[in-house]
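This report concerns only the one structure given below.
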Amino acid sequence: MKKVLLLAGLAGMVAANAEAIDVTPYVGIDANYALVDTDSSHSISSKDWSLSGVIGGRTDRFGLEAFYNAGLKEHKSTHDTRISGYGVDALVFQQLGCSGRWELVGSAGLANYKLKGDNGLGTDRGYAERLGAGVQYAVTENATVRAMYHHAWVHSSQLDSLDEFTVGLRYAF
């Protein structure tokens with residue numbers, strides 16, 4: 001009987017502390033500008049433009065976001081490259097001020113990047129760890145503008161790292 005009462009008491013404590021987690025899904029689009037750090041033996045363009053599609057979900061303080069990054073050609077030359085990728089970032093949010101419209105955003109994640117060179121380099125792939133920081137502003141209850149910086153440590157034969165600057169829009173459902 002004592003075991004039953006003990007188990008019932010523990011179950012009651014767990015049930016009393018359980019709260020429903022309110023997750024808000026969202027989609028977004030980003031314009032990205034990346035500065036590329038390469039192996040010194042390869043001649044790769046030092047900057048890269050791209051567009052990203054984003055899908056994610058968030059609570060008041062935390063979020064999870066998946067992205068696909070499509071590289072754009074910088075210009076038509078013999079040394080032009082395109083970097084694309086996909087990945088997942090875990091996010092943390094901190095509200096600024098009492099209005100609740102401004103938030104600091106921190107991110108940590110994993111990505112897989114692909115380098116495609118028109119200068120005879122061919123295609124190179126590598127995974128990366130990413131850290132990022134930024135700020136976002138809630139224009140309306142559903143629409144948000146975000147600016148972020150990400151640094152990615154890339155593990156590939158031609159890329160060493162990326163410094164990516166991002167500006168984008170998010171729409172929550």
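This is a predicted model, so every value here is computed, not measured.
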Checklist entry - Using the benzene-type ring in the case of Trp, are the ring centres of Phe165 and Tyr149 under 6.0 Å apart? => result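 Ring centres of Tyr149 and Phe165 closer than 6.0 Å.
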[Y] and [X], any side-chain heavy atoms less than 4.5 Å apart:
X: Ile21; Y: Thr59; result: yes
X: Val92; Y: Val105; result: no
X: Val135; Y: Trp102; result: yes

Next on the checklist: For a side chain to side chain donor-acceptor pair (under 3.5 Å) check, start with the C-alpha distance between Glu164 and His151, then their side-chain angles and the critical distance, and finish with the verdict.
Outcome noted: CA-CA 6 Å; Glu164 188 174 60; His151 181 80; over 6 Å; no
Using every non-hydrogen atom in the two residues, find where [X] and [Y] come nearest and quote the distance to one decimal.
X: Ser84; Y: Ala70; result: CB-CA, 4.2 Å
X: Met148; Y: Ser107; result: CE-OG, 3.7 Å
X: Ser156; Y: Asp124; result: OG-OD2, 3.0 Å
X: Ala111; Y: Arg130; result: CB-CD, 3.6 Å
X: Leu131; Y: Ala108; result: CD2-CB, 3.7 Å

Checklist entry - Would you say the side-chain atoms of Arg146 pair up with the backbone N or O of Gln136, donor to acceptor, closer than 3.5 Å? => result no
Checklist entry - Which residue pairs satisfy the ring pair (Phe, Tyr, Trp, His ring centres under 6.0 Å) criterion with at least one member in residues 50-71, sequence neighbours excluded? => result none
Item to check | Salt bridge present between Arg58 and Asp22 (N-O < 4.0 angstrom) | outcome: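 Asp22 and Arg58: not salt-bridged.
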Checklist entry - Does a side-chain N-to-carboxylate-O contact under 4.0 Å join Arg170 and Glu65? => result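 Between Glu65 and Arg170 there is a salt bridge, with a charged N closer than 4.0 Å to a carboxylate O.
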Value rounded to 0.5 Å, distance of [atom1] in [X] from [atom2] in [Y]:
X: Ser157; Y: Leu115; atom1: OG; atom2: CG; value: 8.5 Å
X: Arg61; Y: Phe93; atom1: CZ; atom2: CZ; value: 10.5 Å
X: Asp30; Y: Leu51; atom1: CG; atom2: CG; value: 9.0 Å
X: Ser161; Y: His155; atom1: OG; atom2: NE2; value: 10.5 Å
X: Leu162; Y: Leu35; atom1: CG; atom2: CG; value: 9.0 Å
X: Ile55; Y: Tyr26; atom1: CD1; atom2: OH; value: 9.5 Å

Next on the checklist: Surrounding CZ of Arg125 (heavy atoms of other residues, nucleotides or ligands, distance under 6.0 Å), is the total greater than 12?
Outcome noted: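 Counting other residues, nucleotides and ligands, CZ of Arg125 stays at 12 neighbours or fewer.
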Checklist entry - Going through the distances and angles, do Asn69 and Asn32 end up as a side chain to side chain contact (heavy atoms under 4.5 Å, CB included)? => result CA-CA 9 Å; Asn69 189 345; Asn32 311 302; 3.7 Å; yes
Checklist entry - Partners of Asp60 by side chain to side chain contact (heavy atoms under 4.5 Å, CB included), sequence neighbours excluded? => result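 Side chain to side chain contact (heavy atoms under 4.5 Å, CB included) check on Asp60 returns nothing, list empty.
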Checklist entry - What residues, two or more places apart in sequence or in another chain, satisfy side chain to side chain contact (heavy atoms under 4.5 Å, CB included) together with Leu104? => result Gln94, Leu96
Item to check | Derivation of the side chain to side chain contact (heavy atoms under 4.5 Å, CB included) call for Thr144 and Val139 | outcome: CA-CA 5 Å; Thr144 304; Val139 179; over 6 Å; no
Checklist entry - Under the side-chain hydrogen bond (donor to acceptor under 3.5 Å, both in side chains) test, which residues partner Tyr171, sequence neighbours left out? => result Asn142
Checklist entry - Apart from Val88 itself, what residues make up its hydrophobic cluster, given side-chain heavy atom links below 4.5 Å? => result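 Via sub-4.5 Å side-chain contacts, Val88 links to Leu64.
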Next on the checklist: Using the ring pair (Phe, Tyr, Trp, His ring centres under 6.0 Å) criterion, which residues pair with Tyr86? Sequence neighbours excluded.
Outcome noted: none
